[in-house]
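Please read these numbers as outputs of a predicted model, since none were measured by experiment. Every chain is numbered from 1 and lettered A, B, ... according to where its sequence line falls, protein lines coming before strand lines.
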Amino acid sequence: MTAIPNLIIETLPEFLLHAITLERESVERYEELGDSMEVHNNPQIAAVFRKLARYGELHANEIEQHATGLELPRIPPWDFKWTTPESPETGDMEQLHYLMTQGQALIFALHNETQGRDFYAHVAATSTNQEVRELAAEFAEEETDHMNWLNAWIRNLADPDSVSPEDLDPPNVTE
Amino acid sequence: MHGNTPITGLKPKDYKTGIKPVWCPGCGDFSVLSAVTKALAHLALPHQNVAMISGIGCSSRLPAYTSVYGFHGVHGRALALASGLKAARPDLTVLVAGGDGDGFSIGGNHFLHACRRNMDMTYIVMDNEVYGMTKGQASPTTAPDWTQSKLTPHGPGVPQFIPAAIALVSGATFIARGFTGNPNGLTKLLVEAIEHPGFSFVQALSPCPTYRPEHKAWKKQVRPVEEEATSDPIIAAQRIQTDDGMSTGVLYQTTVPVWQPEQGISADTGQLEEVFFV
Ligand SMILES: Cc1ncc(C[n+]2csc(CCOP(=O)(O)OP(=O)(O)O)c2C)c(N)n1
């Protein structure tokens with residue numbers, strides 16, 4: 001993997017701050033998406049996002065354990081070493097739709113996990129700090145597990161490629 | 001930003017109320033909420049020292065979702081309300097939020113004079129080039145050839161309002177443009193705007209997935225401004241006027257005296273309650 005200049009993480013506290021932020025922002029985003037789907041009367045997809053938030057929460061707690069006793073740096077949101085506009089597992093909000101299907105929601109989540117895996121893999125391949133490299137490789141493995149789990153879930157769907165149903169009362173029809 | 005002793009350890013989430021936004025999934029305004037709360041957490045501002053004032057519109061719902069003081073006001077009057085508040089309580093960090101309809105149509109005149117007055121506040125306009133809340137009519141920033149509203153089937157036919165240019169000639173001392181597809185970049189602009197002494201105007205390009213689905217293309221069109229922010233209004237005017245409206249960053253910043261009326265509070269809340277008894 002080629003190193004992206006200026007995005008190389010050298011110390012354990014810096015890496016853990018990135019990892020914790022990645023996981024916490026992902027949980028918050030899934031909660032927010034769950035709320036949003038609930039408000040727009042799409043309870044099935046709200047439940048999918050809630051489930052993803054619950055799993056994310058467990059993972060975030062686990063990662064936070066690694067930081068026990070460490071003083072983490074303070075980094076402004078815009079100076080994090082992401083290659084994505086936000087932290088890698090928050091997803092592209094534009095992909096959302098109030099009538100989105102389970103297949104679409106899971107593909108959205110899979111994309112997030114892939115970006116998370118890529119972030120950790122980049123750190124594992126480029127950090128000059130051995131401890132950071134090893135931990136990042138471990139986290140990349142875990143993200144790969146999440147991707148496998150999501151892929152299995154997608155495969156088990158009756159219709160993974162389903163498109164959003166037609167809205168018979170779309171919001172942009174003038175009364 | 002005045003009179004604020006920072007409280008460290010606050011997270012962006014601590015500035016959210018927990019009320020579920022009613023915005024459509026995919027709406028850019030979610031990212032503005034995220035950027036505002038990240039900016040407040042970064043600046044570690046105590047909740048009770050911040051007020052979020054808005055008008056009416058989808059975007060104007062922001063005060064309901066931020067756990068600082070809030071006033072969801074009257075359509076087009078957010079800046080008038082905010083100016084009154086700032087006059088009475090100069091110690092507050094005053095944030096003002098709304099849409100392009102709220103700020104540039106019905107509130108257009110307030111916009112000019114708020115820029116000119118240069119009170120110390122930050123005005124965030126979530127520009128989706130449409131009236132979202134009232135179901136998709138053209139706004140002042142809608143292109144003349146946009147034909148998707150039944151009210152303007154041949155397009156509005158009049159040139160677009162250029163918010164940054166109007167802010168500049170009206171006297172705003174900080175002018176920036178951000179994009180909701182880059183929430184962390186928008187956060188940086190908001191932090192700079194809040195820290196700027198004087199009237200800061202931030203135009204946040206905020207796609208409307210429901211009435212302007214073609215805004216998906218914005219992601220490919222926005223780009224960072226090429227030059228550093230200028231304090232020269234002639235250079236800024238030239239850049240703004242020759243730009244396609246899609247470059248993001250600080251477009252202009254200068255320091256001139258902030259306008260703040262001298263008088264202190266002349267009535268206590270008990271007296272106000274008597275006057276406004278219903
Ligand atoms: C005095 C008055 N006139 C008109 C309206 C109707 N109205 C409500 S929101 C709105 C425009 C909303 O557009 P914008 O400010 O761009 O916000 P958005 O909903 O797109 O975020 C209008 C015209 C009103 N509420 N009050």
Side-chain angles (χ1 to χ4, degrees), chain A residues 17 20-22 24-25 27-42 45-46 48-50 53 60 71-72 74-88 90-101 104-105 108 164 167 169-175, chain B residues 8-9 11-13 16 18-31 33-35 37-39 41-44 65 130 132-137 148-151 179-192 206-213 215-219 222:
Chain A
L17 179 71
I20 291 168
T21 305
L22 181 156
R24 285 278 161 228
E25 289 194 354
V27 172
E28 255 179 67
R29 181 56 51 82
Y30 283 131
E31 287 291 3
E32 189 175 66
L33 298 181
D35 287 350
S36 182
M37 290 298 156
E38 227 164 76
V39 166
H40 288 84
N41 199 23
N42 192 343
I45 304 307
V48 171
F49 286 135
R50 297 258 184 252
E71 174 136 8
L72 301 186
R74 238 186 127 239
I75 301 178
W78 53 91
D79 279 342
F80 275 79
K81 292 173 176 171
W82 313 126
T83 52
T84 41
E86 281 186 286
S87 53
T90 47
D92 182 355
M93 299 280 270
E94 264 182 28
Q95 301 306 318
L96 299 161
H97 190 266
Y98 62 101
L99 287 174
M100 77 195 297
T101 64
Q104 290 166 342
F108 171 83
S164 298
D167 188 349
D169 182 22
N172 51 354
V173 167
T174 30
E175 270 96 348
Chain B
T8 47
K11 304 229 161 7
K13 204 177 174 186
K16 288 187 183 169
I19 293 174
K20 298 173 187 169
V22 296
W23 294 319
C24 306
C27 174
D29 295 353
F30 279 102
S31 296
L33 174 61
S34 170
T37 55
K38 280 183 179 179
H42 175 77
L43 293 166
Y65 309 139
V130 77
M133 179 167 265
T134 48
K135 302 186 74 161
Q137 299 80 16
Q148 298 306 304
S149 165
K150 285 194 179 156
L151 283 185
F179 174 48
T180 57
N182 180 5
N184 288 338
L186 185 58
T187 305
K188 184 166 192 261
L189 293 177
L190 291 179
V191 166
E192 288 173 15
S206 182
C208 173
T210 302
Y211 301 109
R212 303 297 309 260
H215 282 168
K216 282 201 170 163
W218 278 1
K219 201 160 61 181
V222 290

* From Thr187(B), Leu189(B), Asn182(B), Leu186(B), residue fulfilling side chain to side chain contact (heavy atoms under 4.5 Å, CB included) relative to Trp78(A) -> Thr187(B)

* Structure fact -> Correct closest heavy-atom pair for Phe30(B) and Ser36(A) would be CZ-OG, 3.9 Å

* Would you mind checking which part of Ser34(B) comes under 4.5 Å of any heavy atom in chain A, side chain (CB onward), backbone (N, CA, C, O), both or neither? => side chain

* So which heavy atom on Val22(B) is nearest to which on Val39(A), and how close? -> CA-CG1, 4.0 Å

* Which portion of His97(A) sits near chain B, non-hydrogen atoms under 4.5 angstrom -> backbone

* By a 4.5 Å heavy-atom criterion (distance strictly below it), what part of Ala39(B) contacts chain A: side chain, backbone, both, or neither? -> neither

* If you take all heavy atoms of Ala41(B) and Arg74(A), which pair is closest and at what distance? -> O-NH2, 4.0 Å

* Verdict with reasoning, Arg24(A) to Lys11(B), per side-chain contact (heavy atoms from CB on, under 4.5 Å) -> CA-CA 11 Å; Arg24(A) 285 278 161 228; Lys11(B) 304 229 161 7; over 6 Å; no

* Asked: Atom CE in Met93(A), atom OG1 in Thr180(B): separation rounded to 0.5 Å?
  -> 9.0 Å

* Asked: Is the shortest heavy-atom distance from the side chain of Met37(A) to the side chain of Pro25(B) under 4.5 Å?
  -> yes

* Structure fact -> Closest heavy-atom pair, Gly181(B) versus Pro85(A), reported as atoms and distance to 0.1 Å, is O-CB, 3.3 Å

* **Part of Pro209(B) within contact of chain A (heavy atom distance under 4.5 Å)** => neither

* With sequence neighbours excluded, residues passing ring pair (Phe, Tyr, Trp, His ring centres under 6.0 Å) with Phe179(B) -> none

* For the pair Glu28(A) and Lys13(B), find out whether any cationic side-chain nitrogen is under 4.0 Å from an anionic carboxylate oxygen. => no

